[in-house]
2 protein chains.
Amino acid sequence: MPSGKLLEEKGIKVTQARKEILEILETCTQPVSYENIKESISMDKATFYRNISKFEESNLINAIESHDKKRYFELKRKPHAHFTCRVCNQVECIKSGIYVTLQNYDIENVIIQGICPSCKLTNRLP
Amino acid sequence: MPSGKLLEEKGIKVTQARKEILEILETCTQPVSYENIKESISMDKATFYRNISKFEESNLINAIESHDKKRYFELKRKPHAHFTCRVCNQVECIKSGIYVTLQNYDIENVIIQGICPSCKLTNRLP
DNA sequence: AATTATATGCGACTTAGTCGCAAAAAAGGA
DNA sequence: TCCTTTTTTGCGACTAAGTCGCATATAATT
Ligand SMILES: [Mn+2]
Ligand SMILES: [Mn+2]
Ligand SMILES: [Zn+2]
Ligand SMILES: [Zn+2]
């Protein structure tokens, strides 16, 4: 899916910076933080965050806060839940069926916090 | 439940600062941020956060990140999910039955992001 | 009481995210 | 195409959450 199309659909003006962010997010299979990608982007930090905010408002991306207090962004594709581990701080996409409904609410993302299988087993227990 | 008991059960040393934080959390019916309670606490900011980290590690409290990028803390009592609204930033405790299971994971908190009923109705739509 | 371990206050620091403003780039007409 | 208006960008300064080192204070242990 060309990033220009995505923006047009949401009524967001197509600019260099916006295409650049979306193209990076399209290549990522996991949510990424500003720190993760700041080397790969040419725009200013303020521009990055302004556009991230715009994308969030337009419901184009998810933002998932990890226990490391950083926000991880991902393109909204097929809806799925996320898991963040309190021990290793990993943010994980949960593809298997988690279905949550709440009468009268619009649900856009479900984030599950806890301890991941790997940390449960190894000596990384709290 | 006296706050000293809570700490002893988790093997955390009982100090003035820790009791103070827990006593505040016990009076709150909603998750609160550092900003919400900084006027009410007598300890230093570093001490507050060091203890919050300790409480998190011991699974004594939940930390819920809102869309306003602040973290809201609450005492773990009866397990329940949380909802944060992308429009009004409210953090809400969801007492009604949300049950999520994930094989081999320890689930400690479920955070649902989206748009709350009030924002859906009024003109606060995005 | 003396010793040891742990927690605290303070100040300096880091970093995510924000804001105002002037320059640049899009969009829209004439 | 040139001119005008609107929106976005870069830059620099700023805010606020959270962290860290270190000296002092407090709690636990002997
Ligand atoms: Mn995902
Ligand atoms: Mn709650
Ligand atoms: Zn883990
Ligand atoms: Zn709302």
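As a basis for the values below, the full set of heavy atoms in this structure was taken, side chains included, without hydrogen atoms, waters or symmetry mates.
- Rounded to whole Å, atom P of C/dA24 lies 15 Å from atom CG of A/Asp44.
- Taking hydrophobic clusters as Ile, Leu, Val, Met, Phe, Trp and Tyr residues chained together by side-chain heavy-atom distances below 4.5 Å, A/Phe73 shares a cluster with A/Leu7.
- The stretch residues 7-16 of chain A comes close to DNA chain C through A/Lys13, each having a heavy atom under 4.0 Å from the strand.
- The CG atom of B/Leu75 sits 9.5 Å away from the SG atom of B/Cys28 when rounded to the nearest 0.5 Å.
- Evaluation of the ring pair (Phe, Tyr, Trp, His ring centres under 6.0 Å) test over residues 12-34 of chain B, restricted to residues two or more places apart or in two chains, returns B/Tyr34-B/Phe48, B/Tyr34-B/Tyr49.
- Applying the side-chain hydrogen bond (donor to acceptor under 3.5 Å, both in side chains) criterion to A/Ser42, with sequence neighbours excluded, gives A/Glu20.
- Note: CZ (A/Phe48) to C1' (C/dT15) measures 14 Å, nearest angstrom.
- Separating the CZ atom of B/Arg71 from the P atom of C/dA16 is a distance of 15 Å, rounded to the nearest angstrom.
- The CG atom of A/Asp68 sits 10 Å away from the P atom of C/dA16 (whole-angstrom rounding).
- Counting to the nearest Å, the C1' atom of C/dA24 and the CZ atom of A/Arg18 are 14 Å from each other.
- Within the helix from C/dA1-D/dT30 to C/dA30-D/dT1, the inter-axis angle between the opening and closing five-pair segments is 30°, rounded to 10°.
- Not counting sequence neighbours, the partners of A/Ala17 by the side-chain contact (heavy atoms from CB on, under 4.5 Å) test are A/Thr15, A/Met43, A/Thr47, A/Asn51.
- The separation between B/Tyr49 atom OH and C/dC13 atom C1' is 15 Å, rounded to whole Å.
- Going from atom CD1 of B/Ile52 over to atom P of C/dA7 covers 15 Å, rounded to whole Å.
- Taking for each of B/Ala46 and A/Ala46 the nucleotide of DNA chain D with the nearest heavy atom, the 5'-most of the two is the partner of A/Ala46.
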Atom pairs and distances, side-chain donor-acceptor, residues 89-98 of chain B, under 3.5 Å, sequence neighbours left out:
from, atom 1, to, atom 2, distance (Å)
B/Glu92, OE1, A/Tyr105, OH, 3.2
B/Glu92, OE2, A/Tyr105, OH, 2.6

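- Scanning DNA chain D 5' to 3' for nucleotides with an atom closer than 4.0 angstrom to a non-hydrogen atom of chain A gives a first and last hit of D/dT7 to D/dT19.
- For A/Arg50, there are no side-chain hydrogen bond (donor to acceptor under 3.5 Å, both in side chains) partners two or more places apart in sequence or in a different chain.
- No N or O donor and acceptor, one from the side chain of A/Arg50 and one from the base of C/dG17, sit under 3.5 Å apart.
- Take A/Lys70 and apply the side-chain hydrogen bond (donor to acceptor under 3.5 Å, both in side chains) test, not counting sequence neighbours, and it matches A/Glu35.
- For B/Ile12 against B/Phe55, the heavy-atom pair with the smallest separation is CD1-CD2, 4.2 Å.
- B/Tyr72 meets the ring pair (Phe, Tyr, Trp, His ring centres under 6.0 Å) test with no other residue; sequence neighbours excluded.
- A side-chain donor-acceptor contact under 3.5 Å links A/Asn109 and A/His82.
- Within residues 20-33 of chain A, no residue has a heavy atom under 4.0 Å from DNA chain C.
- Between A/Lys10 and A/Glu57, none of the side-chain N atoms (NZ, or NE/NH1/NH2) sits under 4.0 Å from a carboxylate O, so this pair counts as no salt bridge.
- Distance CD (A/Glu39) to P (C/dT15): 12 Å, rounded to an integer number of Å.
- When the salt bridge (Lys or Arg N to Asp or Glu O under 4.0 Å) test is applied to A/Glu26, no partner is found at least two apart in sequence or on another chain.
- Note on A/Glu108 versus B/Arg86: salt bridge recorded, some NZ/NE/NH1/NH2 to OD/OE distance being below 4.0 Å.
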